[in-house]
Amino acid sequence: MCGMPSAETTRVSAHEPDLVRPTKEDPVAAAGSELFGGPLGRRALLGASWWTPVRVIALVALGMFALGMVQKLPCYDGGWFFGASSQYTHACYSDIPHLYQGRGFADGLVPYFDKLEGDMEYLEYPVLTGVFMEVAAWLTPGSGSIQHQEQVYWMVNAGMLMACAAVIAVCVTRTHRRRPWDGLLVALAPAFALTSTINWDLLAVALTAAAMLMWSRSRPLAFGVLLGLATAAKLYPLFLLGPLLVLCWRAGRWREFGTALLGAVGSWLIVNVPIMLLAPEGWAKFYSFSQERPIDFGSFWLIMSQRLELQLATETVNTIATLLMLVCCVGVAALTLTAPRRPRFAQLAFLIVAAFILTNKVYSPQYVLWLIPLAALARPKWRDFLIWQACEVAYFLGIWMYLAYTTSGDAHKGLPTEGYQLAILVHLLGTLYLCAVVVRDILMPERDVVRRSGDDDPSGGVLDGAEDVFVLGAAAHPPKHAAQYDGPYVDWGNEGEPGQRRSL
């Protein structure tokens with residue numbers, strides 16, 4: 001019988017790479033490894049050759065990204081340009097080629113400054129995403145037919161987004177020092193490959209993944225700067241500051257949180273203030289559009305409005321959705337302060353972003369990209385991850401088949417309304433399932449696969465192994481070290497090692 005070492009004794013330096021092998025502890029990973037020769041043996045020289053985990057996972061991510069590009073081939077060859085429903089029946093739709101002309105890039109208009117023709121007066125994306133789109137337009141030749149230009153524009157964006165995909169894979173792989181192979185969850189995620197080139201979300205996801213890596217390395221200023229840039233590209237990274245605030249409250253790490261907050265505010269202002277001052281109407285379009293947007297695809301709000309024939313005003317939906325999100329935030333804060341052991345940062349980051357997705361009035365299929373890196377860090381268990389991914393792939397197919405049905409006229413090709421509602425429900429239940437498993441890991445830390453391998457919070461940076469200074473509920477009687485547990489011994493381990501008993 002042996003006790004699990006504390007967080008101070010389990011941190012692994014660059015000179016002691018005691019790597020955790022998923023093929024040894026995860027049955028699904030072990031079964032999947034049979035395609036490549038089976039699980040690694042005890043004498044495998046990990047990292048002793050050019051094929052380090054980071055390089056392997058980055059190459060796998062690039063390969064899967066390329067397969068996602070191939071999946072868009074039917075649209076590239078004509079589906080984006082001919083026939084209203086062809087791009088939906090082939091499930092290869094992308095906003096990128098359509099917005100090249102629709103948002104004025106083909107005509108050389110400057111985002112946020114020049115007005116657009118039609119219903120959308122200005123570009124409805126945050127500033128850093130607009131810069132990304134404009135750079136891709138600069139790299140797109142202005143000669144040839146508009147179809148050719150849109151094809152090239154998509155290819156240029158795909159190349160830039162591929163670089164973002166590589167950054168995400170590398171950052172996730174390196175965030176948990178002893179668990180680099182968990183990065184394969186991101187690299188092999190089918191929803192990642194299918195949705196990467198629908199829109200420009202990968203830019204914000206890459207910046208967020210880089211910010212998470214910086215926090216895990218105890219660099220709060222770099223974390224804040226990157227998170228501020230991510231928020232300048234998409235709104236959702238802002239929500240990570242909430243869980244971090246409560247975690248730092250529990251651990252008494254106010255200075256580090258303050259540094260991170262200043263870095264985030266500063267970098268966001270540097271990006272936004274020039275446009276805010278020089279083109280205030282164009283800059284505000286993203287925020288006004290988000291407020292004015294009615295109930296849309298993928299949300300439980302759509303099911304309610306269709307099934308119950310409710311005609312809710314947009315302002316009412318905004319208010320209720322905001323209240324639901326606030327309730328979720330309070331719940332996450334209470335969970336953080338009362339859990340028997342301080343939750344890991346990645347767990348709370350996943351929960352808060354998932355809460356935003358579940359309560360929001362719209363769920364575009366590429367929003368799954370926000371969660372994939374966080375899910376890989378929060379619950380690196382292949383079975384649960386693949387269950388969730390299967391639900392997301394079902395939704396990915398469901399929305400395109402539903403749009404095919406609504407755009408095919410009397411032919412009714414695709415999925416009717418009831419079928420699409422079922423696809424939405426599958427997406428909601430899959431996300432709720434993964435949230436429930438993460439919450440269970442927080443309440444029962446002996447079930448957390450990261451902590452079962454001896455770590456405290458490898459993505460927590462200054463929080464890793466820190467003592468608690470403020471707790472509530474049962475956790476406060478008496479306050480315990482964040483990495484210790486005085487409860488009963490539990491049995492776990494690998495097959496072939498029965499009787500191995502450790503304390504958490």
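Only this structure's heavy atoms are used, side chains among them; waters, hydrogens and symmetry mates stay out.
- The closest side-chain heavy-atom distance from Ser299 to Val362 is not below 4.5 Å.
- By the 6.0 Å contact criterion, CZ on Arg307 is open, its count of non-hydrogen atoms from other residues, nucleotides or ligands being 12 or less.
- The two residues Asp464 and Asp457 come nearest to each other via the heavy atoms OD1-N, 3.0 Å.
- Tyr125 and Phe132 have their aromatic ring centers separated by at least 6.0 angstrom.
- Look at Arg344 and Asp448 and you find a salt bridge, because one of the NZ, NE, NH1 or NH2 atoms lies within 4.0 Å of a carboxylate O, short of that distance.
- Between Asp455 and Arg178 a salt bridge is recorded (basic side-chain N to carboxylate O distance below 4.0 Å).
- In this structure, OH in Tyr93 is found 5.5 Å from OH in Tyr88, a value given to the nearest 0.5 Å.
- Between Glu392 and Thr431 there is a side-chain heavy-atom pair separated by less than 4.5 Å.
- No salt bridge links Asp384 with Lys381; every basic N to acidic carboxylate O contact stays at or beyond 4.0 Å.
- Summarising the geometry of Arg452 relative to Arg447, their closest heavy-atom pair is CD-C, 4.1 Å, with the distance given to 0.1 Å.
- The nearest pair of heavy atoms linking Ala58 to Val170 is CB-CG2, 4.1 Å.
- The residue from Thr336, Asp468, Thr338 that alone fulfils the side chain to side chain donor-acceptor pair (under 3.5 Å) condition with Arg250 is Asp468.
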Could you go through the side-chain contact (heavy atoms from CB on, under 4.5 Å) check for Leu245 and Trp254 one step at a time?
CA-CA 8 Å; Leu245 168 64; Trp254 292 110; 3.5 Å; yes
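- A distance of 12.0 Å separates OH in Tyr420 from CG in Leu425, rounded to the nearest 0.5 Å.
- For the residue pair Met64 and Ala189, the shortest heavy atom distance occurs at CE-O, 4.5 Å.
- Contact of the Leu202 side chain with the Phe192 side chain is registered, since non-hydrogen atoms from C-beta on lie closer than 4.5 Å.
- The distance from atom OG1 of Thr231 to atom CG of Leu226, rounded to the nearest 0.5 Å, is 10.5 Å.
- Closest heavy-atom contact between Ala232 and Pro126: O-CB, 3.2 Å.
- A donor-acceptor pair is defined here as one N or O able to donate and one able to accept, closer than 3.5 Å; such a pair exists between the side chain of Gln71 and the backbone of Ala91.
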Under the criterion side-chain contact (heavy atoms from CB on, under 4.5 Å), I'd like the reasoning laid out for Leu324 against Ile320: C-alpha separation, chi angles, the key distance, then a yes or no.
CA-CA 6 Å; Leu324 288 175; Ile320 299 175; 4.2 Å; yes
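- A 4.5 Å side-chain heavy-atom check between Leu238 and Leu241 finds at least one atom pair inside the cut-off.
- Between Trp200 and Ile96, the closest side-chain pair of non-hydrogen atoms falls below 4.5 Å.
- Side-chain contact between Val368 and Tyr363 is present, with at least one heavy-atom pair separated by less than 4.5 Å.
- Annotation for Arg174: atom CZ does not count as buried by contact number, only 12 or fewer foreign heavy atoms lying within 6.0 Å.
- The closest side-chain heavy-atom distance from Ile198 to Tyr367 is not below 4.5 Å.
- Arg341 places a side-chain heavy atom less than 4.5 Å from the side chain of Asp456.
- Checked against Tyr236 for a ring-ring contact (aromatic ring centres under 6.0 Å, His included), the options Phe356, Trp370, Phe350 give a single hit: Trp370.
- Lys72 places a side-chain N or O within 3.5 Å of a backbone atom of Leu194 that can act as its donor or acceptor partner.
- Taking all atoms of both residues into account, the shortest heavy-atom contact from His427 to Gly298 is CD2-O, 3.8 Å.
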